[in-house]
Amino acid sequence: MTGGKAGTADLIGQGQKQAVTRKSGVALWRQIADQIRQAISAGTLGADGKLPPEMVLSERFGVNRHTLRSAIAALVQEGVLRAEQGRGTFVESRQKLSYPISARTRFSTGLRGQTRDRRSNLLAHAVEPAARRVAEGLSLAEGAPVVRLETLSEADERPVSRATSWFDAARFTGYAETYAETGSITLSFQRYGIEDYFRKSTLVSARHADAADLADLKLSAGAIVLVAVAVNVDAEGVPIQYAETRFVADRVELSVSTEA
């Protein structure tokens with residue numbers, strides 16, 4: 001590189017020493033885990049499927065092997081790495097799932113052909129006043145009663161996303177109980193006479209997973225999630241669902257399509 005400073009992934013990939021920031025408020029092992037994860041994603045580390053020895057990585061980061069092992073253990077827990085006794089640490093080669101976002105986005109069918117088993121579980125639910133963003137998404141007055149669902153979706157018994165969804169409580173009375181019975185947003189809507197619905201908008205961003213997502217998605221601190229904020233509408237264009245879904249970035253990629 002010329003005319004600038006090499007990035008984290010470049011330094012790791014080139015074998016140069018990569019410093020971590022001490023007394024920054026972020027644990028050293030977490031900084032190292034983030035940098036290793038980013039380097040793997042960029043293809044500058046583990047391109048041959050295997051990480052360099054612990055001693056080499058410890059020297060590059062300027063930390064002891066115990067700190068490095070904590071970082072590696074976190075990435076093993078996430079499924080990014082695989083440790084084999086006596087052989088070393090390997091990049092988990094499991095292919096990311098491609099989750100399509102289109103006019104008819106459905107978890108039950110979106111991953112069909114990529115996984116054997118798909119299921120969604122209800123974690124919690126409540127009826128609450130609509131916050132401003134929720135009210136705007138559902139075209140309701142701020143403070144209007146809405147049903148909130150917290151759900152966890154799994155593919156082949158592996159957590160892939162966690163969602164918070166809101167529905168107009170006046171129109172969808174008892175929706176949480178219906179969802180608990182059906183395990184499906186689509187089937188639940190059918191109970192209310194909605195045979196088809198459409199994606200009006202999706203806004204995608206990325207951030208570090210919060211405490212709840214870390215626990216439910218079985219991630220370690222510092223893991224990245226893709227956040228899709230979406231509004232679904234019925235056949236008449238009336239908003240029926242406002243949702244914020246967090247996808248595990250190391251397990252899922254979002255594929256946007258203009259097709260129905």
Side-chain angles (χ1 to χ4, degrees), residues 1-99 154-162 205-227 246-254:
M1 293 179 63
T2 59
K5 185 178 179 180
T8 296
D10 294 325
L11 290 170
I12 296 175
Q14 295 167 7
Q16 300 180 26
K17 187 170 182 178
Q18 173 61 41
V20 290
T21 305
R22 288 172 167 77
K23 297 181 179 180
S24 66
V26 180
L28 296 181
W29 69 264
R30 173 173 169 176
Q31 294 181 52
I32 295 170
D34 280 350
Q35 293 177 19
I36 290 176
R37 186 190 297 108
Q38 293 167 8
I40 290 173
S41 296
T44 58
L45 182 66
D48 61 351
K50 185 177 182 180
L51 258 60
E54 287 183 356
M55 182 175 64
V56 173
L57 287 176
S58 296
E59 291 177 354
R60 292 186 195 177
F61 285 106
V63 297
N64 58 46
R65 294 175 73 172
H66 175 75
T67 300
L68 177 71
R69 286 170 182 167
S70 294
I72 289 176
L75 295 176
V76 168
Q77 177 183 332
E78 290 180 31
V80 176
L81 298 176
R82 180 182 75 259
E84 296 186 10
Q85 185 67 33
R87 296 192 62 220
T89 305
F90 298 82
V91 176
E92 182 57 70
S93 60
R94 187 180 302 184
Q95 187 175 4
K96 285 186 178 182
L97 298 172
S98 180
Y99 185 80
E154 299 176 322
D156 293 337
E157 300 183 349
R158 192 183 191 198
V160 293
S161 67
R162 188 180 188 279
S205 61
R207 62 167 172 77
H208 284 99
D210 62 21
D213 290 340
L214 289 176
D216 290 326
L217 294 172
K218 299 181 180 179
L219 301 172
S220 60
I224 302 297
V225 290
L226 302 176
V227 184
R246 286 82 72 195
F247 296 89
V248 182
D250 289 322
R251 302 172 192 166
V252 180
E253 61 182 13
L254 303 181

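Side chains of Val248 and Val160 form no contact here, defined as non-hydrogen atoms less than 4.5 Å apart. Val91 is listed as a side-chain neighbour of Leu51, based on a closest heavy-atom distance under 4.5 Å. For the pair Leu226 and Val252, the minimum side-chain heavy-atom distance is 4.5 Å or more. Side-chain contact check for Arg251 versus Leu219: some heavy-atom pair is nearer than 4.5 Å. Considering only heavy atoms from C-beta on, His208 comes within 4.5 Å of Asp34 through its side chain.
Under the side chain to side chain donor-acceptor pair (under 3.5 Å) criterion, Thr67 pairs with Asn64, not counting sequence neighbours. Glu157 is linked by a salt bridge (charged side-chain N to carboxylate O under 4.0 Å, His left out) to nothing, counting only residues two or more places apart in sequence or in another chain.
One distance of note links CZ of Arg30 with CD of Gln35; it measures 12.5 Å at 0.5 Å rounding. The CE atom of Met55 lies 12.0 Å from the CG atom of Leu68; values are rounded to the nearest 0.5 Å. Remark: Lys50 NZ to Glu84 CD distance equals 9.0 Å, nearest 0.5 Å. Atom CG in Leu217 sits 10.5 Å away from atom CZ in Phe247 (nearest 0.5 Å). Once rounded to the nearest 0.5 Å, the distance linking CG of Leu75 with CD1 of Ile40 reads 6.5 Å.
Contact detail for Lys218 and Pro159: the closest heavy-atom pair is CD-CG, 4.2 Å. The two residues Ala33 and Ala71 make their nearest non-hydrogen contact at N-CB, 3.8 Å. Between Ala74 and Trp29 the shortest heavy-atom distance is CB-CZ3, 3.7 Å.
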From CA spacing to verdict: side chain to side chain contact (heavy atoms under 4.5 Å, CB included), Val225, Arg162
CA-CA 10 Å; Val225 290; Arg162 188 180 188 279; over 6 Å; no
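Asp210 places a side-chain N or O within donor-acceptor distance of the main-chain N or O of Ala212, the cut-off being under 3.5 Å.
The existence of a salt bridge linking Asp216 and Arg246 is excluded, since no basic side-chain nitrogen approaches an acidic carboxylate oxygen closer than 4.0 Å.
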